[in-house]
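Read the numbers this way: they start at 1 and go in the same order the structure lists the ligands and their atoms.
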Amino acid sequence: MADTIDMLISEEQITARIKELAKQINSDYAEKSVILIITLKGACFFACELAKHLTMPVFMEYIQMTSYEGKSSNGTIIMKLDVPNEIIVGKHVIILEDVIDTGKTLTSIKNIMLEKKPASLAICSLLDKHECRVVPFEGDYIGFTIGDDFVVGYGLDWDQKYRNLPYIGIVR
Ligand code: IMP
Ligand code: MG
């Protein structure tokens with residue numbers, strides 16, 4: 001049977017909010033160039049839409065993590081695809097993520113990126129499930145704060161499905 005997906009945030013709401021985020025970033029980073037670090041695969045739709053509205057010189061790099069929740073379930077995050085240190089050192093870096101949930105993934109990514117000595121580091125996430133934190137973590141730019149429902153679309157998947165939905169929805 002096909003899954004039922006209830007729309008939570010429409011495509012129009014998403015693109016309008018991303019324009020607002022871009023405006024804020026344009027003002028905060030005026031006269032600077034930025035490196036966007038895009039977390040594969042979920043943040044791709046968000047990153048492309050955001051980048052179109054940024055007015056400073058923008059460079060785009062990609063990272064991918066896998067989290068090992070093995071028998072010990074320690075939630076260790078391993079970088080499957082990383083960015084060379086020399087690309088990051090001395091640069092203004094913004095990490096783009098699809099959703100902050102427990103906070104574990106971005107805590108690891110942030111620590112790994114800080115070791116590469118950027119001039120500055122900010123976190124920008126399309127979604128924030130703030131009430132689901134297991135470790136304390138705050139993003140710098142947040143599109144929408146949502147509840148603890150599992151959401152799909154606009155890059156976010158459920159078992160690799162539904163990334164291509166143009167809106168964000170809840171799988172019922
Ligand atoms: P966390 O903050 O370490 O718990 O993990 C964040 C990651 O979990 C995100 O990058 C997503 O890949 C995944 N994730 C968390 N919540 C959702 C959801 O509702 N839909 C799809 N992926 C999710
Ligand atoms: Mg992700």
Exercise. Flag yes if more than 12 heavy atoms outside K32 fall under 6.0 Å of its NZ atom; otherwise flag no.
Key: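 More than 12 within 6.0 Å, yes.
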
Non-hydrogen atom of [X] closer than 4.0 Å to ligand 1:
X	answer
V151	yes
R133	no
G42	no

Quiz item: Counting only heavy atoms, which portion of L156 has something under 4.0 Å from ligand 1: side chain, backbone, both, or neither?
Solution: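 Answer for L156: side chain.
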
Practice problem: Using a 4.0 Å heavy-atom threshold (strictly under), name the region of V134 that reaches ligand 1: side chain, backbone, both or neither. | Solution: neither

Need the ligand 1 atom indices (1-based, order shown) with element for anything under 4.0 Å from a heavy-atom of [X].
X	answer
V99	6 (C), 9 (C), 10 (O), 11 (C), 14 (N), 15 (C), 16 (N), 17 (C), 23 (C)
K104	2 (O), 3 (O)
E97	10 (O)
D157	21 (C)

Practice problem: Would you check if Y141 and I25 make a side-chain contact, meaning some heavy-atom pair closer than 4.5 Å? | Solution: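 Sidechains of I25 and Y141: in contact.
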
Quiz item: Side chains of L21 and L50: closer than 4.5 Å at any heavy-atom pair?
Solution: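 Heavy-atom side-chain distance check passes, below 4.5 Å.
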
Self-check item: Steps toward side chain to side chain contact (heavy atoms under 4.5 Å, CB included) verdict (Q160, K41)
Solution: CA-CA 9 Å; Q160 302 301 326; K41 304 168 185 173; 3.1 Å; yes

Quiz item: Are D128 and T145 linked by a side-chain donor-acceptor pair shorter than 3.5 Å?
Solution: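 Checked: D128/T145 side chains show no N/O donor-acceptor pair below 3.5 Å.
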
Quiz prompt | Short N-O contact, D3 and K161, less than 4.0 angstrom | solution = yes

Quiz item: Has ligand 1 got any nitrogen or oxygen that is less than 3.5 angstrom from a nitrogen or oxygen of F150?
Solution: no

Self-check item: Check: I100 N/O within less than 3.5 Å of ligand 1 N/O
Solution: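 Not met; the criterion fails.
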
Practice problem: Kindly give the heavy-atom pair with the smallest separation between V151 and L156, and that separation in Å. | Solution: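 What the structure gives for the nearest pair is O-CB, 3.9 Å.
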
Practice problem: Take the angle between the ring planes of Y29 and H92 and call it parallel below 30°, perpendicular above 60°, tilted in between. | Solution: perpendicular

